[in-house]
2 protein chains.
Amino acid sequence: MFSKACEYGIRASVYIALQSMEGRRVSVNEIAEEIDSPIAFTAKILQQLSRSNIIHSVKGPTGGFEIERENMESVKLNMIVKAIDGDDIYKGCGLGLKECNADKPCPLHDKFVDIRSDLSKMLRNTSLYELAMGLEVGLTYLKR
Amino acid sequence: MFSKACEYGIRASVYIALQSMEGRRVSVNEIAEEIDSPIAFTAKILQQLSRSNIIHSVKGPTGGFEIERENMESVKLNMIVKAIDGDDIYKGCGLGLKECNADKPCPLHDKFVDIRSDLSKMLRNTSLYELAMGLEVGLTYLKR
DNA sequence: CGTTAATCGGACAATTTTATCCGAAATAGG
DNA sequence: CCTATTTCGGATAAAATTGTCCGATTAACG
């Protein structure tokens, strides 16, 4: 479904959001530890998210990653997915055709439209804040 | 979503089904031509589908691939996907956690359950016959 | 029986994705 | 100013996926 990079990116973002709710800025090392991901690879993905203005990074000692209060609610999963995997998951054809649309559909087009639209809607409507809350109350997990 | 191999596999199967409806057995070369896929790679995938008893292969001159009449309706997309990509798309966690279930869910678990169940249901309910029919009446396409 | 056309199967090559390493730049704190 | 800690960015490596090649096997047909 999503690439590994995207999976790590989402998990990392949720963890950063959780910590940012309590004003804590976190390092790559801590993030990788807490979401059980390869450190250096995770760092690359965080850079990408930072450049996309989804998370905020601070250099130097006491530096790390955080998400501003006002972004907590406004950052939705679809932005993270788009920043890392691009928008193929929304726009691309399920059977890999270059041009597949209502005018010239692949055999699966109509059936795929519904599913992808559900997925797309879910990602557009899910905020980091919402996911971080589930973590905070111990309802969900980011490891294993 | 699906791997390239799986995309080719589905497209090839639909084309074989279409031709089998008219009693024509088709070669890898024809298939690759008609679904616009790399020949040798397509051949590999067809071998896999043949070993999984999803399509039937015949060696030698006048040989090629076909799908038995009785399989046309009973072969559903989920079998092809499972044979090529495995069942990760059904069972795996959306965020890549090794164990993610109702007891110990990832932050996206509940929201994913619905979408994956829709996808799974669609694949389980879609037969090659149905897709081949759409092609035959010129409603859908396998190229470009 | 020999030729020819087809799949089979294994080895290999190219590309993409995943992952690591390391020096450079920034900056807090003494 | 100096040191320690952190992100940044580019080069590189490893692994997985995608794709190619070729000889072996099978079988139809003259």
Side-chain angles (χ1 to χ4, degrees), chain A residues 1-13 15-16 19-20 24-33 35-67 81 83-86 88-89 92 95-96, chain B residues 1-13 15-16 19-20 24-33 35-67 81 83-86 88-89 92 95-96:
Chain A
M1 188 74 102
F2 302 130
S3 68
K4 277 284 171 206
C6 196
E7 290 176 0
Y8 297 150
I10 294 175
R11 275 152 62 192
S13 297
Y15 181 73
I16 296 170
Q19 296 303 323
S20 287
R24 288 192 65 230
R25 193 182 281 160
V26 286
S27 71
V28 180
N29 284 278
E30 177 179 339
I31 294 168
E33 168 69 26
I35 70 172
D36 194 30
S37 67
I39 300 181
F41 191 43
T42 303
K44 278 281 183 290
I45 298 160
L46 292 175
Q47 281 179 45
Q48 222 176 322
L49 292 176
S50 172
R51 276 194 295 264
S52 304
N53 296 309
I54 288 171
I55 63 181
H56 183 236
S57 74
V58 177
K59 284 182 169 184
T62 79
F65 296 88
E66 63 194 359
I67 296 179
V81 173
I84 299 177
D85 280 352
D88 217 58
I89 205 173
L95 295 186
Chain B
M1 188 75 100
F2 302 131
S3 67
K4 278 285 171 204
C6 195
E7 289 175 0
Y8 297 149
I10 294 174
R11 275 152 62 192
S13 297
Y15 181 73
I16 296 169
Q19 296 303 322
S20 287
R24 289 192 64 229
R25 193 183 283 160
V26 287
S27 70
V28 180
N29 284 278
E30 177 179 338
I31 295 168
E33 169 68 27
I35 72 172
D36 193 29
S37 67
I39 299 180
F41 191 42
T42 304
K44 278 281 182 292
I45 297 159
L46 292 176
Q47 282 179 44
Q48 221 176 322
L49 293 176
S50 173
R51 277 193 294 265
S52 304
N53 296 310
I54 289 170
I55 63 180
H56 183 235
S57 75
V58 177
K59 283 182 167 185
T62 78
F65 297 89
E66 63 195 0
I67 296 180
V81 174
I84 300 176
D85 280 353
D88 216 59
I89 204 173
L95 294 187

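Below, chain A is the first sequence line, B the second, and so on; all start at residue 1.
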| Atom pair distance, as rounded to whole Å: CG in A:L46 and P in C:dT18 | 15 Å
| Nearest non-hydrogen partners of A:A83 and A:L49, listed with the distance | CB-CD2, 4.4 Å
| task | Could you check which of C:dT20, C:dA6, C:dA25 has an atom nearest any side-chain atom of A:K59? | result | C:dA25
| message | Here's a test of your reading of the structure: between A:G60 and B:K44, which maps to the more 5' nucleotide of DNA chain C? | response | B:K44
| Which nucleotide in the list D:dT18, C:dA19, C:dC8 gets nearest to the side chain of A:K4? | C:dA19
| query | DNA chain C: A:I39 or B:G63, which has the more 5' nearest nucleotide? | reply | B:G63
| Nucleotide D:dT5, atom P - distance to CZ of A:R25 in whole Å | 17 Å
| Rounded distance in Å - CZ (A:F41) to P (D:dA14) | 16 Å
| request: Return the nearest nucleotide to the side chain of A:S50; candidates are D:dT20, D:dC8, C:dA19. | output: D:dC8
| field | Contact check, side chains of A:E30 and A:Y15, non-hydrogen atoms, under 4.5 Å | value | yes
| query | Quick one: is B:R51 getting a side-chain N or O under 4.0 Å of the C:dG9 phosphate, OP1 or OP2? | reply | yes
| remark: dist B:Y8:OH -> B:S13:OG (nearest 0.5 Å) comes out at 14.5 Å
| Protein-nucleotide distance (A:I45, atom CD1; D:dC8, atom P), rounded to Å | 13 Å
| request: May I ask you to evaluate whether B:Y8 reaches the phosphate of D:dG19, defined as a side-chain N or O under 4.0 Å from OP1 or OP2? | output: yes
| request: Figure out the CD1/C1' separation between A:I84 and C:dT18, and round it to whole Å. | output: 13 Å
| Whole Å only: how far is the CZ atom of A:F65 from the P atom of C:dA26? | 16 Å
| query | Can you check the B:L49 CG to C:dC8 C1' distance for me, whole Å? | reply | 14 Å
| query | Within the structure, does a side-chain N or O atom of B:S57 lie under 4.0 Å from either OP1 or OP2 of C:dA6? | reply | no
| task | Begin from the C-alpha positions of B:F2 and B:I84 and carry the test side-chain contact (heavy atoms from CB on, under 4.5 Å) through to its verdict. | result | CA-CA 9 Å; B:F2 302 131; B:I84 300 176; over 6 Å; no
| request: Tell me which of B:P61 and A:V28 sits closer to the 5' end of DNA chain D, going by the nucleotide each one is nearest to. | output: A:V28
| Where is the tightest heavy-atom contact between B:E66 and B:S20, given as atom of each residue plus distance? | CA-OG, 3.4 Å
| query | Roughly, in whole Å, what's the span from CD1 in B:I31 to C1' in C:dT7? | reply | 11 Å
